[in-house]
2 protein chains.
Amino acid sequence: MYVKKITPSLNCGLDLVGEVLYGKWKIRILWFIHEGNRRPSELQRKIPDVTRRVLNVQLKELQDHEMVTKTIYPVMPPKVEYELTAFGKTLIPLIQSIGLWGDEHQERLRRVILSQNKLSSARPEEAYDVDEPTRALLPF
Amino acid sequence: MYVKKITPSLNCGLDLVGEVLYGKWKIRILWFIHEGNRRPSELQRKIPDVTRRVLNVQLKELQDHEMVTKTIYPVMPPKVEYELTAFGKTLIPLIQSIGLWGDEHQERLRRVILSQNKLSSARPEEAYDVDEPTRALLPF
DNA sequence: AGCAATACGGATAAGTTTGTCCCTATTTGA
DNA sequence: TCAAATAGGGACAAACTTATCCGTATTGCT
């Protein structure tokens, strides 16, 4: 496991939140668990872009940060379930607000992100299909 | 300037927010500008841990993302001021909520962050039991 | 017998962000 | 005259995160 060499600054609330929410997929992992996707394989189907390896790593960190619990059922084939802790649940309204803000401003955000020169050209454009109908009302 | 090789996924609102808010100092930069610290030197005094170099880089990104504007006064010594755009201001309530959540839970957050083994050594003991009772059941 | 599904993680590579070091310039004040 | 304040940025190094590739194991279906 990677060990940090630089101690993070933990001066204010924002720093602290950063520490537990930083991670490319963490917020969405929390959201999908909140939606009832408890098993790793379900989560991976919901977030196809994440690899299983990284999904495991980030779930482990969420666990260490007491955002989720993990239950391993000693059956074969293996079965594992994650759940939000009470603490983790207190984050859900925040995540929802963030997602809603992103949705409200999605055209503008997409524009400023794509027109920024940090992206390497050649976007295959229109890769996406976006949302499953059940998700239409939610931040995604 | 660094150019990304991997196109980020921009499927949902949360992805989009991630793109513009990701960055170790960005949220705090926005907050301090909101509080009236407009000049780079003021911002650096507010966030001593960030280097000037990185502060400039992140300010530039916020500018590209239309979160802040930059005004250069042609005087000597140089004078520069940043301000939130109307768009940037719509983020402030969100940032405030996040910070408040972090403040409310700061003891717990500090504990789980510090007791986590990703931090390099030398934290004054405090064993930390964080039981993983279910773990023992499977051979992994 | 072979393969998919379930799940985990070490070693290593690639990608990305952040930090360090150095250079540019002018004015004011010690 | 020299230091400090103001602001910017190129080249590079270090730190950190994420991805790839492999290996472990069992059950059940074809």
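Given the structure is predicted, the values throughout are model-derived calculations rather than measurements. The analysis underlying the following values was restricted to heavy atoms, covering all of them including side chains, and did not include hydrogens, waters or symmetry mates.
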Close N/O contacts between protein and nucleotides 15-19 of chain C (under 3.5 Å):
residue : atom : partner  : partner atom : Å
C:dT16  : OP1  : B:Ile6   : N            : 3.0
C:dT16  : OP2  : B:Tyr2   : OH           : 2.8
C:dT16  : OP2  : B:Lys5   : N            : 2.6
C:dT16  : O5'  : B:Tyr2   : OH           : 3.2
C:dT17  : OP2  : A:Lys118 : NZ           : 3.3
C:dT18  : OP1  : B:Lys24  : N            : 2.5
C:dT18  : OP2  : B:Gln58  : NE2          : 2.6
C:dG19  : OP2  : B:Trp25  : NE1          : 3.3

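Atom-to-atom, CG of A:Leu55 to P of C:dC8 comes out at 9 Å; the value is rounded to the nearest Å. Computed from coordinates, the B:Glu81 CD to D:dG8 P distance equals 12 Å when rounded to whole Å. Residue A:Arg28 contributes atom CZ, which lies 11 Å from atom P of D:dT18 at whole-angstrom precision. Put simply, NZ on B:Lys60 is 12 Å from C1' on D:dG9, counting in whole angstrom units. Going from atom CD1 of B:Ile72 over to atom C1' of D:dT6 covers 13 Å, rounded to whole Å. Distance, A:Gln44 CD to C:dA4 P: 16 Å, rounded to whole Å. Regarding A:Met1, its CE atom lies at a distance of 14 Å from the P atom of D:dC16, rounded to whole Å.
The side chain of B:Ser41 places an N or O atom within less than 4.0 Å of a non-bridging phosphate oxygen (OP1 or OP2) of D:dA7. The shortest distance between the side-chain N/O atoms of A:Asn56 and the OP1/OP2 oxygens of C:dG9 is not below 4.0 Å. Applying the 4.0 Å criterion to OP1 and OP2 of D:dG23, one finds that A:Arg52 has every side-chain N and O outside that range. A sub-4.0 Å separation between OP1 or OP2 of D:dT6 and a side-chain N or O of B:Arg45 is present. Applying the 4.0 Å criterion to OP1 and OP2 of C:dA7, one finds that A:Arg39 has a side-chain N or O inside that range.
Note on B:Lys70: only backbone sugar-phosphate atoms sit closer than 4.0 angstrom, heavy atoms only; bases stay farther off.
In this structure, the nucleotide among D:dG8, C:dT26, C:dC8 sitting nearest to the side chain of B:Met76 is C:dT26. For A:Val80, whose side chain is taken as the heavy atoms from C-beta onward, the closest listed nucleotide among C:dC8, C:dT26, D:dA7 is C:dC8. Set against C:dT27, D:dA7, C:dA7, the side chain of B:Pro77 has C:dT27 as its closest nucleotide.
Distance CZ/A:Arg28 to NZ/A:Lys46: 13.0 Å, rounded to 0.5 Å.
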